[in-house]
Amino acid sequence: MSRPMSKAAIEEFFQRLSDADPEPKGELDYTNPYTLLVAVALSAQATDVGVNKATKKLFQIVETPQDMLDLGEEALIEHIKTIGLYRGKAKNVMAAARMLVEKHGGIVPNDQDALEELPGVGRKTANVVRNIAWGEHTMAVDTHIFRLGNRTGMANGKNVLAVEKGLLKKVPSRFMNHAHHWLILHGRYICKARKPRCADCIVNDLCNYKDKTPAEA
């Protein structure tokens, strides 16, 4: 864990990310809150690119939980069989669709507890959906954000919940709509796990990581 970042440094950190990319977007394709929910659930232990390839035709015929039930599990498997753990994911997607129809009238609820009740939907998935679909100030901590929280000193924590709570407390409210996108993209392309691109990082001077990667000669 790095030395904690100051409040002023965190403010400047997000201001720079905002200036560089004012409207960051998630890299999963979707058409509405339901297909977003499905895409995020399918993305566990899979790449966004792989999920998008699998759902391209699926989301042309499935827009609602009832559409998914009408499609059926075996047909769903045919669409997503290129994704890791596809059989288990298919079972969860179908079970979640059934619960959404029976318990929520086919509508994806903007409610953390209700979302987490759905099969295959955990805290991170629920946070992603609520942030993207409704602009809620949530923080979906994946491996990238967990790494950034500890590496920069912005929000040190031994587990994802601790980092999530730290970020929710420390990230200025005006940046919260896009904060998780900025952090994920920064972790995915700049602040990489094995060899962070510190020389290319626009917030390098604000980060308290001790072992910054030197610029290549």
Side-chain angles (χ1 to χ4, degrees), residues 1-28 36-37 39-41 43-48 110-116 121-214:
M1 295 182 183
S2 298
R3 177 171 53 85
M5 286 178 71
S6 68
K7 182 178 179 180
I10 293 174
E11 178 91 23
E12 178 63 19
F13 185 101
F14 282 100
Q15 186 61 60
R16 291 185 194 176
L17 294 183
S18 175
D19 291 342
D21 186 7
E23 295 289 334
K25 302 294 182 185
E27 296 183 321
L28 286 172
L36 171 63
L37 177 68
V40 176
S43 71
Q45 299 182 52
T47 66
D48 289 356
N110 180 10
D111 180 274
Q112 189 77 17
D113 292 336
L115 287 171
E116 289 187 44
V121 178
R123 184 178 184 86
K124 183 181 73 174
T125 295
N127 279 335
V128 171
V129 172
R130 294 184 67 223
N131 175 258
I132 296 177
W134 298 291
E136 299 290 350
H137 288 186
T138 60
M139 181 59 66
V141 179
D142 66 351
T143 55
H144 297 300
I145 294 182
F146 181 75
R147 179 173 69 253
L148 259 69
N150 284 289
R151 181 179 277 174
T152 63
M154 188 183 301
N156 291 320
K158 294 182 178 180
N159 55 57
V160 294
L161 184 58
V163 171
E164 177 186 335
K165 289 182 177 179
L167 289 170
L168 288 173
K169 182 178 180 180
K170 295 180 179 180
V171 177
S173 178
R174 67 191 180 94
F175 295 120
M176 276 302 298
N177 274 359
H178 297 312
H180 107 263
H181 278 129
W182 283 318
L183 293 176
I184 287 174
L185 294 171
H186 195 68
R188 184 173 290 170
Y189 299 112
I190 300 296
C191 197
K192 298 180 178 182
R194 293 185 179 180
K195 191 177 181 181
R197 295 169 53 197
C198 298
D200 300 320
C201 178
I202 62 173
V203 289
N204 185 318
D205 59 309
L206 304 171
C207 168
N208 290 330
Y209 184 48
K210 293 180 181 179
D211 303 315
K212 289 188 172 70
T213 306

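Computed over heavy atoms, backbone and side chain alike; hydrogens, waters and symmetry mates excluded.
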So, taking the atom named [atom1] in [X] and the one named [atom2] in [Y], what distance separates them when rounded to the nearest 0.5 Å?
{"X": "Glu164", "Y": "Asn159", "atom1": "CD", "atom2": "CG", "answer": "10.0 Å"}
{"X": "Lys192", "Y": "Cys198", "atom1": "NZ", "atom2": "SG", "answer": "12.0 Å"}
{"X": "His178", "Y": "Ile132", "atom1": "NE2", "atom2": "CD1", "answer": "11.0 Å"}
{"X": "His181", "Y": "Asn131", "atom1": "NE2", "atom2": "CG", "answer": "6.0 Å"}
{"X": "Thr143", "Y": "Leu148", "atom1": "OG1", "atom2": "CG", "answer": "10.0 Å"}
{"X": "Ile190", "Y": "His144", "atom1": "CD1", "atom2": "NE2", "answer": "12.5 Å"}

Between [X] and [Y], which heavy-atom pair has the shortest distance, and what is it?
{"X": "Val171", "Y": "Ala179", "result": "CG1-CB, 4.0 Å"}
{"X": "Pro172", "Y": "Ile10", "result": "CD-CG2, 4.0 Å"}
{"X": "Ala126", "Y": "Glu116", "result": "CB-CG, 4.1 Å"}
{"X": "Asp48", "Y": "Ser43", "result": "OD1-CB, 4.1 Å"}
{"X": "Val163", "Y": "Ala155", "result": "CG2-O, 3.6 Å"}
{"X": "Pro22", "Y": "Trp182", "result": "O-CZ2, 4.2 Å"}

Answer yes or no: is there a donor N or O on one side and an acceptor on the other, between the side chain of [X] and the main chain of [Y], under 3.5 Å?
{"X": "Lys124", "Y": "Ala44", "value": "no"}
{"X": "Arg151", "Y": "Ala193", "value": "yes"}
{"X": "Asn150", "Y": "Phe146", "value": "yes"}
{"X": "Arg130", "Y": "Thr138", "value": "no"}

Please examine the side chains of [Y] and [X], heavy atoms only from C-beta on, and report whether any two atoms are closer than 4.5 Å.
{"X": "Thr125", "Y": "Leu115", "result": "no"}
{"X": "Arg197", "Y": "Thr213", "result": "no"}
{"X": "Met176", "Y": "Leu168", "result": "yes"}
{"X": "Asp205", "Y": "Arg16", "result": "yes"}
{"X": "Met5", "Y": "Lys170", "result": "no"}
{"X": "Ser173", "Y": "His137", "result": "yes"}
{"X": "Asn156", "Y": "Pro4", "result": "yes"}
{"X": "Leu167", "Y": "His180", "result": "no"}

* Can you list the steps and then say if Tyr209 with Asn204 is a side-chain contact (heavy atoms from CB on, under 4.5 Å)? -> CA-CA 9 Å; Tyr209 184 48; Asn204 185 318; over 6 Å; no
* Hey, is NZ on Lys165 packed in by over 12 heavy atoms from elsewhere, all under 6.0 Å? -> no
* Asked: Near Arg174 CZ, under 6.0 Å, is it more than 12 heavy atoms from other residues, nucleotides or ligands?
  -> yes
* In terms of ring plane angle, is the pair His186 and Phe13 parallel, tilted or perpendicular, where the classes change at 30° and 60°? ->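 Perpendicular: the ring planes of His186 and Phe13 meet at over 60°.
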* To do: Take Gln15 and Glu11 through the side chain to side chain donor-acceptor pair (under 3.5 Å) test and state the conclusion after the steps.
  => CA-CA 6 Å; Gln15 186 61 60; Glu11 178 91 23; over 6 Å; no
* Before giving the answer on side chain to side chain donor-acceptor pair (under 3.5 Å), spell out for Glu136 and Asn127 the whole-Å C-alpha distance, their side-chain angles and the decisive distance to 0.1 Å. => CA-CA 8 Å; Glu136 299 290 350; Asn127 279 335; over 6 Å; no
